[in-house]
Amino acid sequence: MTEPRDDRFDHLFASTVRERLGREGYGSSASPNAEDAVPLTYGFPYPDSFPTAALEAATETVLEEEGADALQYGGGENVDRLRDGLLAREEARGIDATREQLLLTNGATHALDAVCSTFLDPGDEVLVEAPTFVWSLAVLDNRGAALTGVEIDENGLDPDALEATLEAREAADEPTPKLLYTIPEFQNPTGATLSRERRERVLELAEEYDFLIVADDAYGELRFSGESPPPLSALDDSGRVIRLGTVSKTIAPGVRTGWIVAHEALADQIGGMAAGGTNTFTQSVLGRYFDAGHYEPTLDDLLAGYERRRDAMLDSLERHLPPGSSWTEPAGGFFLWVTLPAGVDTEELLPLAAEEGVTYLPGERFFVEDGRGTRSARLSFSHCSPEDLEAGVAALARATETYLE
Ligand SMILES: Cc1ncc(COP(=O)(O)O)c(C=O)c1O
């Protein structure tokens, strides 16, 4: 039996916290992890992927070279090396940004939070993909945003649905959304990538309806096959795209380092809202890491590791899942989106699945609206070994069959 929740302090919580107490949906803190179950739950990199030795060497060099400067507010010149390393990566993807347009943050989530505090008053309208990354929903919700979901399919956000939402709001005399939050590359949770043509239409709509696009590119460098369309920022000549990046998936999430690229007029203000300063010591270490040329070769190893895992999961789904199931086949990133046969509710299935030996995130948690995604789940292939992925998918299949009986 679970302990009843201690509610003595509830009246002291902010209203956004009070509203989500005990909620099952996207604000749910119910952890689906279970001991001994294969965790297909979170977007964690696989542990062997971390470049421990290179980070250790970079840390030593930073302390030897810079001593106290590396530990002071603002850091030393290795922080600039990181800026230059990141700007070079951005340039290779067609983004021509200056140092003034680049803001270092403590990860993409921190970046999103800084963007929210720069632009949003409580009640301001924000459009998000339906479904979208559950943690970003929480960040937006924390800032009191009024969220509306826009449909997404295998080619990413649907611009027709976006336009229909904008038109309907205009016709009803409702305020235009200030922000559209989108994950254009290997979207979390579906794995979808926004097509080039759609990128152009989304940019046109932003100009026409006067909103900003927050493009969260956590996975863009993790493409296993095929060609990536240019990032939204590379196609944007109106300054409406605020691009979020992170090294969480390409180096390690524990270093808590990400960045923002935005038009200077926006970057000036967002920089002031990244309150509390940023993690300049790890930025220095990463500056050395980039400068020593580790980033690209490590990326090649990562791609091979993730592709192997994606293939193992696709192969296991094909062999194990019952008829009536379907899933996406992403060409990169960490996740795929599975839809189980009619009659399955993935939130209800979860305890049974955990008993069989697998956990995942139920689909409903990725939607703003209740009652959507109930047959679906996000499966992460990033964290487990190919053997464990196989065991996890087999357990999901057993649990589904038992549930349907
Ligand atoms: C789309 C997306 N944005 C941001 C993050 C988190 O990034 P960070 O660790 O840099 O905060 C994730 C990872 O889970 C993600 O999937």
Side-chain angles (χ1 to χ4, degrees), residues 2 5 16-34 37-44 108-109 112-113 116 126-153 157 181-183 186-192 216 218-219 248 253 313 325-328 330 333-341 343-356 358-383 392-393 395-396 399-400 403:
T2 47
R5 200 174 56 78
T16 44
V17 177
R18 275 203 307 275
E19 276 163 25
R20 68 167 176 255
L21 290 170
R23 187 162 76 196
E24 287 264 307
Y26 63 81
S28 169
S29 54
S31 168
N33 277 341
V38 176
L40 306 181
T41 324
Y42 298 118
F44 287 14
T109 309
L112 178 61
D113 195 48
C116 289
V126 176
L127 301 179
V128 297
E129 286 152 351
T132 191
F133 177 37
V134 55
W135 195 244
S136 295
L137 285 178
V139 171
L140 290 159
D141 192 44
N142 286 345
R143 295 289 172 177
L147 299 173
T148 301
V150 180
E151 295 309 303
I152 177 169
D153 61 25
L157 181 74
Y181 170 74
T182 174
I183 308 167
F186 311 119
Q187 200 246 9
N188 182 354
T190 61
D216 183 347
Y219 303 98
S248 284
M313 183 172 267
S325 311
S326 60
W327 50 88
T328 58
F334 275 22
F335 310 106
L336 57 81
W337 183 249
V338 64
T339 301
L340 296 173
V344 176
D345 179 318
T346 50
E347 194 76 60
E348 269 177 30
L349 176 70
L350 188 55
L352 201 63
E355 237 168 75
E356 279 293 345
V358 66
T359 56
Y360 54 81
L361 276 186
E364 205 175 353
R365 299 190 189 189
F366 297 85
F367 287 89
V368 177
E369 303 86 0
D370 286 339
R372 298 206 51 196
T374 51
R375 273 173 63 194
S376 299
R378 186 190 76 177
L379 304 185
S380 160
F381 53 79
S382 59
H383 182 50
V393 170
L396 178 63
T400 306
Y403 179 96

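Values below: all heavy atoms of this structure, side chains included; hydrogens, waters and symmetry mates excluded. Numbering of residues begins at 1 and proceeds along the displayed sequence. Treat the numbers as computed from the prediction; the structure is a model and nothing was measured.
- The CH2 atom of Trp327 sits 13.0 Å away from the OG atom of Ser376 when rounded to the nearest 0.5 Å.
- Partners of Tyr219 by ring pair (Phe, Tyr, Trp, His ring centres under 6.0 Å), not counting sequence neighbours, listed by chain and number: Phe334, Phe335.
- Using a 30° and 60° split on the angle between ring planes, Trp337 and Phe367 fall in the tilted class, from 30° to 60°.
- Listed here is the closest heavy atom pair of Phe366 and Asn188: CE2-OD1, 4.0 Å.
- Nearest heavy-atom pair across Pro330 and Gly191 is CB-O, 3.6 Å.
- In this structure, OG1 in Thr346 is found 7.0 Å from CG in Leu340, a value given to the nearest 0.5 Å.
- Closest approach of Ala353 and Ala399 over heavy atoms only: CA-CB, 3.6 Å.
- Remark: Phe133 CZ to Thr109 OG1 distance equals 5.5 Å, nearest 0.5 Å.
- The side chain to side chain contact (heavy atoms under 4.5 Å, CB included) check on Glu355 picks up nothing, with sequence neighbours excluded.
- For the pair Gly149 and Glu369, the tightest heavy-atom approach, listed with the atom from each and the gap, is N-OE2, 3.5 Å.
- Formation of a donor-acceptor pair under 3.5 Å by the Arg378 side chain with backbone atoms of Thr41 is found in this model.
- For the atom pair CZ of Arg375 and CD of Glu364, the computed distance is 14.0 Å after rounding to the nearest 0.5 Å.
- In plain terms, the two heavy atoms of Thr190 and Pro131 that are nearest each other are CG2-CG, 3.8 Å.
- Taking 4.5 Å as the limit, some side-chain heavy atom of Leu349 sits within range of a side-chain heavy atom of Thr400.
- No donor-acceptor distance shorter than 3.5 angstrom exists from the side chain of Thr16 to the backbone of Gly144, with no hydrogens or angles considered.
- Put simply, OG1 on Thr132 and CG on Leu127 are 11.5 Å apart, with the number rounded to the nearest 0.5 Å.
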Subject >> side chain to side chain contact (heavy atoms under 4.5 Å, CB included) between Ser136 and Asp216, intermediate numbers included >> reply: CA-CA 10 Å; Ser136 295; Asp216 183 347; 4.2 Å; yes
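- Rounding to the nearest 0.5 Å gives a distance of 8.5 Å between CE of Met313 and OG of Ser382.
- Within 6.0 Å of OH on Tyr403 lie more than 12 heavy atoms contributed by other residues, nucleotides or ligands.
- Not counting sequence neighbours, the partners of Arg143 by the salt bridge (Lys or Arg N to Asp or Glu O under 4.0 Å) test are Asp113.
- At a threshold of 4.5 Å between non-hydrogen side-chain atoms, the residues Leu361 and Pro189 do not count as touching.
- When side chains are defined from C-beta on, Thr182 counts as touching Glu129, because their heavy atoms get closer than 4.5 Å.
- Between Leu137 and Val368 the shortest side-chain heavy-atom distance falls below 4.5 Å.
- Scanning both residues, Ala37 and Thr359, for their nearest heavy atoms gives CB-CG2, 4.1 Å.
- Not one N or O on the side chain of Tyr360 forms a donor-acceptor pair closer than 3.5 Å with the backbone of Ser380.
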